[in-house]
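Taking it in order: structure first as C-alpha cells, then the write-up.
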Amino acid sequence: QEPFVAGYHAYWTSDSWRSYPFDVLDELFFYETEAGADGHLLERHGWPGEWSEMRDQALAAGVQVVPTVSMHDPEAFQLLFADPVRIERLVESTVGLLVADSALAGLHLDFEVFQPVSPTVRDGFTAYVAALADEIDLRFPGKSLSTFTLAFDDDDVYNEQALGRLADYLVIQGYDYYSSGSASAGPVGATTGWGRLNWEMVVARFDAFGVPRRKLVMAVPLYGYEWPVVSGEMGAATRGEGRTIPYTGPPGILPGEPRALDRGEEHGVQRDPASDVPWYAFETPDGWIQGWFDDVVSLRVKYDFVREQGLGGIALFPMAYGDDTLWE
C-alpha cells in the first residue's frame, strides 16, 4: 500500500499553493481555522471564501482539501474542555465546516498544549473527539477525522490510546525536537540518535499505546532553525533564541529571513552521522551561528523510515517552504 501524503497550506503563505505538486498529494490541509474558548470558530483566515480557487484546483487534480481546526492557547483549552456545554458547541461548530461544504474529505484537528491540565480537561478533549467522530459517522459517512498529536506529551494532556481508536489517523509531531528555545542546536526531527529526541522513540511511544502503525502519519518539517551558539562544534550550546529558516520559498514568505538552502550553499553543509540531517556553522563578529534543516538527503531517510516501519504516511509542514527538488 502506498503511503498517504498530505501537505499543510498555511494561510500566511498566500497563493503559494499555485506551485504545489498536486500529483504527489492525497490531501491538502488548510491551516488554519482557530477555535475559541467558548466553542465557536473565531478566526477562519478567509476560509472558505478566499480559498475557493485553491480548493477547486486541488479537487480538479484529485486532491482532497481538509480544513484544520486549531487551538494553541492553553488558557482557552482549559476553559473550553472543562465545560460540556462549550464542548457540545465546538462539536457543532466543527461539523458545520462539513455542512457548509459537503465536497470536503473530512476534518483535521490541531489542538496543541504543552503544560499540565486537569483530568477533567483531559477527558473533555477526548469527549470532544469522540462526539465529533460520532457526528461525522452519522451525518457524513466516509469522511475522515484526523488529529495532530504531540511527539512526547510529557505533561499528559492527551489520551493517545483513546485518540488512536477514535481518529482515522494521527498526525504525529515529527519536528521541533530541537526548536527556537532549545539549550543547544540540533536536528529539528532526527529519525535516530540524540537520546530520545528522534522518530524511533516517538513511534515506540505510540506502539505502547496500541495505536496501529498504519494510523500514524509523521509530520515532516520543511524548515529548520538557526541559533547563536558558543562554538562551531555540532550541537553547540545556544547563546539565545533561534530563528525559523524555511528550506526555500518565495521572497514574500517570511521576508527578510534567510533560506536554509542558501545558508548551506554559502557556508557548507555538514551531516549528522546518526540521521543524515544537514547543518552548517559560521562565525560572525558577534559569535558563532549554527543552523539545522532538512534537505533531499535527510527527507529521503525520513521517507524510507516511514516505509520500513509500516507507518501510514507523511504530512509536509508547511508546503510553501519547499520546492521542486523536494517534491521529486
What heavy-atom pair brings [X] and [Y] nearest, and what distance separates the two atoms?
X      : Y      : value
Ala185 : Val229 : CB-CG1, 4.1 Å
Ser146 : Ala167 : CA-CB, 4.4 Å
Ala315 : Tyr8   : CB-CE1, 3.9 Å
Asp294 : Pro278 : CA-CD, 4.2 Å
Val188 : Gly224 : CG2-CA, 3.7 Å
Pro21  : Met319 : CD-CE, 3.6 Å

Does any N or O in the side chain of [X] come within less than 3.5 Å of the main-chain N or O of [Y], such that one atom is a donor and the other an acceptor?
X      : Y      : value
Asp295 : Ser298 : yes
Lys143 : Ser102 : yes
Arg239 : Trp227 : no
Asn198 : Gly193 : yes
Tyr158 : Phe111 : yes
Asp153 : Val157 : yes
Lys215 : Asp168 : no
Arg86  : Ala37  : yes
Glu226 : Gly291 : no
Thr238 : Ser182 : yes

Would you say that more than 12 heavy atoms from the other residues, nucleotides or ligands in this model lie under 6.0 Å from the [atom1] of [X], or not?
X      : atom1 : result
Arg300 : CZ    : no
Glu233 : CD    : no
Glu88  : CD    : no

Hphob cluster co-occupancy, [X] + [Y], side-chain heavy atoms under 4.5 angstrom:
X      : Y      : result
Val297 : Leu316 : yes
Leu166 : Leu132 : yes
Met201 : Met218 : no
Tyr178 : Val301 : no
Leu59  : Phe22  : no

State the [atom1]-[atom2] distance between [X] and [Y], to the nearest 0.5 angstrom.
X      : Y      : atom1 : atom2 : value
Asp110 : Phe148 : CG    : CZ    : 5.5 Å
Leu150 : Glu160 : CG    : CD    : 7.5 Å
Thr192 : Asp276 : OG1   : CG    : 11.0 Å
Phe152 : Arg205 : CZ    : CZ    : 8.0 Å
Trp199 : Leu311 : CH2   : CG    : 8.5 Å
Ser275 : Lys302 : OG    : NZ    : 6.0 Å

Going by an N to O cut-off under 4.0 Å, is there a salt bridge joining [X] and [Y]?
X      : Y      : value
Arg307 : Glu2   : yes
Glu92  : Arg139 : yes
Asp156 : Arg122 : yes
Arg44  : Glu32  : no

Inset, instruction - Please determine if Arg214 forms a cation-pi arrangement with Tyr169, meaning its NZ or CZ atom is less than 6.0 Å from the six-membered ring centre and no more than 45° off the ring axis. - result: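 Negative - Arg214 is either too far from the ring of Tyr169 or too far off its axis.
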
Mind checking whether [X] and [Y] have side chains closer than 4.5 Å, heavy atoms only?
X      : Y      : value
Val171 : His108 : yes
Phe293 : Pro221 : no
Gln173 : Glu112 : no
Phe81  : Thr126 : no
Pro67  : Leu104 : yes
Thr68  : Thr33  : no
Glu53  : Trp17  : yes
Asp38  : Leu80  : no

Between the side chains of [X] and [Y], is a donor N or O closer than 3.5 angstrom to an acceptor N or O?
X      : Y      : result
Ser16  : Tyr20  : yes
Asp176 : Tyr225 : yes
Trp292 : Gln290 : yes

Legend entry - Aromatic ring pairing Phe209/Phe206, orientation class (parallel under 30°, perpendicular over 60°, tilted between): perpendicular

Inset, instruction - Would you please classify the geometry between the Phe317 ring and the Tyr31 ring as parallel, tilted or perpendicular, with 30° and 60° separating the classes? - result: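 Tyr31 vs Phe317 ring planes: perpendicular.
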
Inset, instruction - Verify side chain to side chain donor-acceptor pair (under 3.5 Å) between Tyr128 and Thr94, making sure each step is shown before the conclusion. - result: CA-CA 10 Å; Tyr128 161 62; Thr94 309; 2.9 Å; yes

Inset, instruction - Show your working on side-chain contact (heavy atoms from CB on, under 4.5 Å) between Asp83 and Ile87 and close with a plain yes or no. - result: CA-CA 6 Å; Asp83 186 341; Ile87 294 170; 5.8 Å; no

Inset, instruction - Among residues two or more places apart or on two chains, list those pairs meeting side chain to side chain donor-acceptor pair (under 3.5 Å) that have a residue in residues 248-259. - result: Arg243-Glu257

Inset, instruction - Would you check, one step at a time, whether the test side-chain contact (heavy atoms from CB on, under 4.5 Å) holds for Leu28 with Met54? - result: CA-CA 10 Å; Leu28 184 65; Met54 179 186 76; 3.9 Å; yes

Inset, instruction - State which residues pass side chain to side chain contact (heavy atoms under 4.5 Å, CB included) with Thr325; sequence neighbours excluded, sorted by chain then number. - result: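 If we apply the side chain to side chain contact (heavy atoms under 4.5 Å, CB included) test to Thr325, skipping adjacent residues, the hits are Tyr247, Val296, Asp323.
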
Inset, instruction - Would you please name every residue forming a side chain to side chain contact (heavy atoms under 4.5 Å, CB included) with Ala131, sequence neighbours left out? - result: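 With sequence neighbours excluded, Ala131 shows a side chain to side chain contact (heavy atoms under 4.5 Å, CB included) to Val91, given in chain and number order.
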
Inset, instruction - Step by step, work out the ring-ring contact (aromatic ring centres under 6.0 Å, His included) result for His45 and Trp12. - result: CA-CA 9 Å; His45 296 290; Trp12 64 84; 8.4 Å; no

Inset, instruction - Test ring-ring contact (aromatic ring centres under 6.0 Å, His included) on Phe30 and Trp51 and set out the steps. - result: CA-CA 9 Å; Phe30 172 75; Trp51 303 100; 5.1 Å; yes

